[in-house]
Structure formats: C-alpha cells, structure tokens
Amino acid sequence: MCYNVDMKNIATMALKPGMIIANDVFNYQNELIVSAGTSADMNTLRKLNLYQIMAVKVMEEIDFATTYYEKTRLSQGFIDFNEAYHRVMPIYKQKMINFVKNNVPISIMGLMQIYQDIVGKVENKNRILDYLYNMQPSEDDLTHAHCLNSALIAGVFSHWLGMDAAETDTLVQCGFLYDIGKLKLPYSLIWKPDKLTDVEFMKIKTHTMIGFDMLKDLNLSDHIIKATLQHHERCDGSGYPSKFKGGQISTYAKLIAVIDAYDAMTSARIYRESKHPFQVIKSFEEMGFYKFDEEIIRPICMNIALNMVGNHVLLSNGQDCEIITIKENPISRPIVKNPDGLFLDLSINEHLEIQSIS
C-alpha cells in the first residue's frame with residue numbers, strides 16, 4: 001500500500017520566506033519562473049507577483065518525512081486518531097478501575113461507544129494497525145493501552161477473517177476485557193523489563209484465572225468469559241492454565257491469542273523497540289502456526305504482509321527495495337525490487353533480512 005501525500009496549496013500573498021515551493025511554477029508562456037524545491041525569498045515573491053501567480057503548492061513537514069512510519073505520524077489521519085484515542089483512554093481506564101476496585105458494573109454499550117469514537121472516522125480500517133504502531137502510551141497506562149489496542153486490532157482482524165457484525169462486536173468486547181486479571185497483579189511485575197523468575201512467571205500466569213473469576217458471574221457473552229480464561233492456551237497443548245488442545249479451546253480465545261501476541265510485539269517499550277510487520281510474521285512462523293490454529297493465523301499474517309505491498313523496505317545489505325509480491329511460504333520473506341530494477345526473492349536470498357519499513 002503506497003502512501004500518497006498532498007502538497008499544501010497556499011495563496012502567493014500568504015507565502016512566507018523559508019517556505020519550500022513544491023512544484024515547478026510556469027508563466028502563461030510555459031516558461032519556468034520558479035523551480036520545485038526553491039526556498040521562498042523576496043526574489044521569489046517578486047517573480048510570482050510579476051507574473052500574477054495567484055497560488056503555489058508548498059511542502060509541509062510531512063513532505064520531508066523519509067520513512068513510511070514518519071509519514072504516518074505526520075498524516076492528518078493519525079493526528080485525528082491520536083486525538084480520539086487519548087480523549088477516550090481516561091474514560092476506558094476509569095471504567096476498568098471502577099469495576100476492579102469498586103465493583104461498578106461494566107457497560108458493554110459503553111465499551112463499544114469508546115471503540116466507535118476511535119474507529120468511526122478512520123476511512124481505511126487497515127490503517128489502524130499503522131496508527132497503533134506509532135502510539136506512545138504513558139508508562140502508567142500500559143495495561144489499559146494493551147487492552148484498548150487489542151479491541152482496535154480485533155476490529156481489523158475480524159474484517160480480514162470475514163466475520164459478521166455480531167461476531168466482530170463480540171471479538172472487540174473480548175479485546176477490551178480478556179486481560180482484566182492483570183489489573184489485580186502488581187504493575188512492577190506485569191511490566192518488569194528484565195527476565196521473570198520462575199516464581200514471578202507462575203504469578204503472572206494466574207491472571208487468566210483471576211480474570212475468569214472476576215467476569216464469570218456477570219451478564220457477559222460466554223465467548224468473553226472463555227477468551228479471558230483460555231487466551232494463553234495453545235493448540236499443541238503447550239499453553240496454560242489447562243493445557244487444552246485444538247478443539248478444546250474457544251475460537252474467540254484462539255483469536256485473542258493472536259491479537260495479544262501481535263500487540264505485544266508491535267508496542268514499543270522503554271526496554272525494547274517494537275517489531276515491524278515482517279518481524280512479527282517471522283516470529284509467528286518461528287513459534288509455529290500450529291500453536292495458534294493455522295486457519296486463523298495464516299490469513300492474518302498474509303493480510304499483514306499484503307498491507308505492506310508497494311512500500312519500501314531497508315534490507316540488511318543497505319539496499320532500499322520495493323515490496324512486489326507476498327509469498328505463501330514463508331510469508332515473512334516477500335519478493336522485492338532493488339534500486340537497479342532487479343527482483344529478489346527473499347525466500348531464496350536467506351542471507352538478506354528486512355531491517356525496517358522505509
């Protein structure tokens with residue numbers, strides 16, 4: 001997906017010294033009078049006025065951005081998303097605190113209103129993943145941000161999987177609530193930057209049962225209850241708390257397992273950088289699709305990769321290449337085109353790695 005930028009049109013009389021002219025400017029005889037990239041000065045203004053040029057296009061901060069994610073951060077879409085996200089985050093956080101500490105009932109309608117307040121004006125829902133990749137929640141909000149992000153990611157993934165409106169709403173609700181048990185555990189333990197001890201990990205693992213106990217007697221969908229309890233189960237029986245396999249695990253729990261892992265890998269932390277999309281897919285491939293239910297995780301990974309087609313990546317050899325085609329196996333190693341116009345199949349050129357989305 002290429003990212004297009006619209007230059008800003010500005011009246012010549014509003015042009016200020018230092019502004020960069022975006023396009024070549026010609027007079028009525030098609031003669032070049034000001035070149036693109038010119039920094040406006042008094043001589044520029046004199047020429048434009050002399051030839052009665054009423055307006056010109058100028059470059060904005062976003063036009064100087066050099067990477068896909070820099071352009072995303074400076075886009076109006078992200079600015080609007082970021083404003084809505086931070087406007088509703090305190091509302092969502094307070095709802096969770098009121099329930100956990102004061103036993104105030106959770107309003108599912110209230111949660112869905114929060115979801116709509118954020119995503120309602122996002123025209124291309126796939127962009128939500130890019131917007132979340134650029135979010136920087138405060139250290140005090142990490143647990144709440146993780147759940148809010150998961151609800152937003154759920155809406156994107158459900159669309160990719162062809163889920164209907166009712167199923168999507170249920171998955172979004174699972175995203176809001178599945179990790180609620182962590183709010184009963186010490187923050188310093190949940191977000192410890194160093195490796196957990198065996199005792200600490202055992203304590204962390206109790207959050208699924210804690211969350212289940214908190215929600216089981218509420219008037220909630222059984223899918224939400226099971227997702228809360230089972231989202232760390234794995235299809236090969238390697239998960240917890242019950243070491244369930246395959247069909248023993250709720251479909252919504254399997255979906256939330258993927259969403260939970262995806263958000264964990266793409267969210268920046270003070271002790272590590274976030275993984276870019278192809279690193280995320282590679283991590284899932286290395287963990288094994290069979291752990292997460294291949295019918296769920298394969299189309300999700302394929303859509304994550306397809307969303308990057310047309311963008312550029314920086315390879316480990318220093319080349320900036322365009323993503324041309326996504327392969328089915330492995331999904332994390334696409335076919336790219338280098339600056340010389342040559343096509344490189346990264347599944348064959350195993351010595352090359354995608355370092356970043358450029």
Side-chain angles (χ1 to χ4, degrees), residues 1-8 20 22-24 36-37 57-79 81-82 122-136 153 156-157 160 262-263 265-268 272-286 298-358:
M1 179 179 65
C2 294
Y3 192 91
N4 297 317
V5 175
D6 293 324
M7 307 294 180
K8 181 180 180 180
I20 306 299
N23 297 337
D24 289 339
K57 290 185 180 294
V58 297
M59 298 181 71
E60 299 182 273
E61 187 179 6
I62 190 172
D63 303 315
F64 296 98
T66 58
T67 71
Y68 177 75
Y69 289 117
E70 284 178 352
K71 291 176 181 178
T72 296
R73 283 193 295 273
L74 292 168
S75 70
Q76 189 60 50
F78 175 75
I79 292 170
F81 178 90
N82 188 53
V122 180
E123 293 184 7
N124 181 351
K125 297 302 188 283
N126 291 348
R127 295 289 286 154
I128 290 172
L129 300 184
D130 295 331
Y131 295 158
L132 289 175
Y133 192 86
N134 286 279
M135 298 299 292
Q136 295 291 334
I153 294 165
V156 178
F157 286 5
W160 290 347
Y262 174 87
D263 184 64
M265 286 188 276
T266 57
S267 298
R272 62 154 173 80
E273 293 184 354
S274 54
K275 293 185 177 183
H276 64 65
F278 289 102
Q279 289 173 327
V280 170
I281 297 168
K282 182 179 179 181
S283 293
F284 278 129
E285 289 171 338
E286 290 175 345
R298 179 170 288 279
I300 287 175
C301 286
M302 180 59 75
N303 275 279
I304 291 171
L306 287 172
N307 205 39
M308 291 290 105
V309 170
N311 288 317
H312 284 244
V313 292
L314 179 66
L315 299 184
S316 52
N317 64 357
Q319 289 188 330
D320 184 270
C321 298
E322 181 184 358
I323 303 168
I324 302 299
T325 303
I326 304 301
K327 303 190 70 176
E328 291 192 7
N329 189 31
I331 299 171
S332 62
R333 301 191 69 79
I335 295 174
V336 301
K337 184 170 67 174
N338 72 11
D340 297 324
L342 299 176
F343 291 86
L344 299 174
D345 185 341
L346 297 185
S347 69
I348 298 173
N349 294 272
E350 296 181 358
H351 63 289
L352 295 175
E353 296 290 339
I354 297 175
Q355 291 191 330
S356 62
I357 308 298
S358 60

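Keep in mind it's a predicted model, so treat the numbers as computed, not measured. Positions are given from 1 along the sequence.
A 4.5 Å side-chain heavy-atom check between L129 and I153 finds at least one atom pair inside the cut-off.
Across T325 and P334, no two heavy atoms sit closer than the pair O-CB, 3.2 Å. Here the closest non-hydrogen pair linking I79 and L74 is CD1-O, 3.9 Å. Q279 and I354 make their closest contact through NE2-O, 4.4 Å (heavy atoms, listed as atom of the first residue, atom of the second, distance). For L314 against S358, the heavy-atom pair with the smallest separation is N-OG, 3.8 Å. Residue E328 comes nearest to R298 through the heavy atom pair O-NH1, 2.8 Å, listed as atom of the first residue, atom of the second, then distance. Between M308 and Y68 the shortest heavy-atom distance is CE-CE2, 4.0 Å.
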Just do the side-chain contact (heavy atoms from CB on, under 4.5 Å) check on Y69 and R73 with the steps written out, would you?
CA-CA 6 Å; Y69 289 117; R73 283 193 295 273; 4.0 Å; yes
Could you go step by step and tell me if I357 and V313 meet the side-chain contact (heavy atoms from CB on, under 4.5 Å) rule?
CA-CA 4 Å; I357 308 298; V313 292; 3.8 Å; yes
Apply side-chain contact (heavy atoms from CB on, under 4.5 Å) to residues I300 and F284 and explain how you reach the verdict.
CA-CA 11 Å; I300 287 175; F284 278 129; over 6 Å; no
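With rounding to the nearest 0.5 Å, the separation of CD in Q355 from CG in L315 is 8.0 Å. K337 contributes atom NZ, which lies 5.0 Å from atom CD1 of I324 (distance to the nearest 0.5 angstrom). For the atom pair OG1 of T266 and CE of M135, the computed distance is 12.0 Å after rounding to the nearest 0.5 Å. The structure places CG of L344 at 10.5 Å from CZ of R333, a figure rounded to the nearest 0.5 Å. Once rounded to the nearest 0.5 Å, the distance linking SG of C321 with CG of N338 reads 5.0 Å. The CD1 atom of I331 sits 6.5 Å away from the CD1 atom of I281 when rounded to the nearest 0.5 Å.
With D24 contributing its side chain and A36 its backbone, the two residues share a donor-acceptor pair below 3.5 Å. Proximity of a side-chain donor or acceptor of N349 to a complementary backbone N or O of D345 within less than 3.5 Å is detected. Formation of a donor-acceptor pair under 3.5 Å by the R127 side chain with backbone atoms of F78 is not found in this model. Judged by distance alone, with hydrogens and angles left aside, the side-chain atoms of D340 form no donor-acceptor pair with the main-chain N or O of L342 at under 3.5 Å. With S347 contributing its side chain and P330 its backbone, the two residues share no donor-acceptor pair below 3.5 Å.
Between the side chains of T72 and D130, no donor N or O sits under 3.5 Å from an acceptor N or O.
Contacts of F157 classified as ring pair (Phe, Tyr, Trp, His ring centres under 6.0 Å), with partners at least two apart in sequence or in another chain: W160, Y262.
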